[in-house]
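Keep in mind that the numbers below use all heavy atoms, side chains included, and drop hydrogens, waters and symmetry copies. Keep in mind that what you see is a predicted model, and the values were worked out from it rather than measured.
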Amino acid sequence: MIACLTLTACNKDDKPAPSQVLAKVNDHEITVMQLNGMLRSVGNAAENATVKQSALDFLIDQEVLQQKAVDLKLDRDPDVMQAIEQAKRQILAAAALNKLQVKPLDPSDADVQKFYDGNPALFAQHASYEFSLFNLPVKDLPEALKTALNASHSVAETRQILEQAHQAFQEKNNHMAAEQLPMELLSQLFKLKVGDILLRPEGDHLILVQLIRVESQPLTLQDSKEKIVSYLKQTALQDSSASKMAELRKAASVVYVKRFAEVAASAPASSNLPANTLNSGLKGF
């Protein structure tokens, strides 16, 4: 009898206890564990009742749609099956890398000071930059037009020079703080004087970047320390990921049946690094 009761209790534990069930959608239960998983990324906001309710409503809507997808047999659709498999591969790859990579130590005070001193445009001479972009649908310009543009010291002059040369362009004004800019562009803007122009190839286009105004907003080491520590730890983690990925590839038997181009090995599966390119920083132009 005792064995039977024990078995019965174990079978009952297969289903969430009533206190763990937050909602039911038809016959499917939505549990505290699912909600906690949703709230894991919001930090302290997870304690807010409104945030919790919004997350629960999202899970309910998601379940309603998931059940409808099954009714429509979308779970058997080849594209959907492929997407599910790809998501599974990505999750497992990221989990493996997270498990294997070495967690970085906090950088020393000397490392923080060195990074602060080595990046004046981000800290000691931090500023926000107002500049105008001229997007030209050409790969290059005649030397005479380049010379004329070099002599320009204002957006109005540049616009007039392009119009007189019958050069098509799109113009957009931007105002961005140093930390919002890709490092490559920031390092160039940092050296310019107001009115100076950068000429940047971008695919089949040329982009003229003309500096309009610089607003000085210096940051002390104390102001910046927390962000620097976070950045250095993230960089060390990415270096560890790249190193571990290279080690794993070397140990594996990888045979290309077909190659499309000679390019560097891809970034680790969990990499979330933004590309430090002009395009990534000025998207939407």
Side-chain angles (χ1 to χ4, degrees), residues 4-101 103 234 237-238 240-242 244-261 263-275 279-280 283-284:
C4 181
L5 289 173
T6 303
L7 180 60
T8 304
C10 288
N11 287 339
K12 285 182 178 177
D13 285 344
D14 288 343
K15 285 190 174 183
S19 60
Q20 293 180 313
V21 177
L22 297 173
K24 290 184 178 181
V25 180
N26 298 318
D27 294 329
H28 184 87
E29 296 172 336
I30 294 174
T31 67
V32 171
M33 184 179 294
Q34 288 173 278
L35 181 65
N36 289 341
M38 276 282 297
L39 295 173
R40 199 169 290 134
S41 63
V42 300
N44 294 334
E47 299 304 315
N48 183 288
T50 302
V51 172
K52 283 185 176 181
Q53 186 60 48
S54 295
L56 178 57
D57 287 334
F58 176 85
L59 287 170
I60 289 170
D61 290 346
Q62 189 181 59
E63 180 59 30
V64 168
L65 287 170
Q66 192 266 344
Q67 290 182 21
K68 176 54 69 174
V70 173
D71 288 344
L72 296 171
K73 295 184 171 53
L74 294 177
D75 54 330
R76 302 179 193 176
D77 181 279
D79 289 340
V80 174
M81 292 173 70
Q82 185 178 30
I84 291 171
E85 183 60 28
Q86 179 58 33
K88 180 181 176 182
R89 285 164 57 86
Q90 177 64 24
I91 291 166
L92 288 173
L97 194 59
N98 186 58
K99 181 80 171 177
L100 294 170
Q101 66 191 0
K103 301 298 185 288
Q234 183 63 25
L237 188 62
Q238 288 157 358
S240 171
S241 297
K244 179 56 67 174
M245 190 68 250
E247 182 184 322
L248 291 170
R249 282 183 67 110
K250 187 175 180 180
S253 175
V254 179
V255 178
Y256 287 98
V257 178
K258 180 179 180 179
R259 290 191 77 115
F260 297 99
V263 294
S266 60
S270 65
S271 174
N272 291 315
L273 271 177
N279 191 51
S280 68
K283 239 169 202 175

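Residues S241 and Q101 have side chains that bring a donor and an acceptor to within less than 3.5 angstrom of each other.
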Show me the donor-acceptor pairs within less than 3.5 Å that the side chains of residues 61-72 make with the rest of the protein, sequence neighbours left out.
unit_1, atom_1, unit_2, atom_2, d
E63, OE2, Q67, NE2, 2.8
Q67, OE1, N26, ND2, 2.6
Q67, NE2, V25, O, 3.0

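The two residues L35 and A55 have their closest heavy-atom pair at CD1-CB, 3.6 Å. What you find for E29 and Q34 is that their closest heavy atoms are O-OE1, 3.4 Å.
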For side chain to side chain contact (heavy atoms under 4.5 Å, CB included), just list the numbers for L100 and L248, CA-CA rounded to whole Å, side-chain angles, deciding distance to a tenth of an Å, and then say yes or no. CA-CA 10 Å; L100 294 170; L248 291 170; 4.0 Å; yes
Dump the intermediate steps for side chain to side chain contact (heavy atoms under 4.5 Å, CB included) on N98 and K103, then the final yes or no.
CA-CA 9 Å; N98 186 58; K103 301 298 185 288; 4.0 Å; yes
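For the pair L22 and V32, the minimum side-chain heavy-atom distance is below 4.5 Å.
By the neighbour-count criterion of 12 heavy atoms within 6.0 Å, atom CZ of R40 is sparsely surrounded, having that number or fewer from other residues, nucleotides or ligands.
A distance of 7.5 Å separates OG of S240 from CG of L97, quoted to the nearest 0.5 Å. Rounded to the nearest 0.5 angstrom, Q86 CD and I91 CD1 are separated by 10.5 Å.
The existence of a salt bridge linking E247 and K250 is excluded, since no basic side-chain nitrogen approaches an acidic carboxylate oxygen closer than 4.0 Å.
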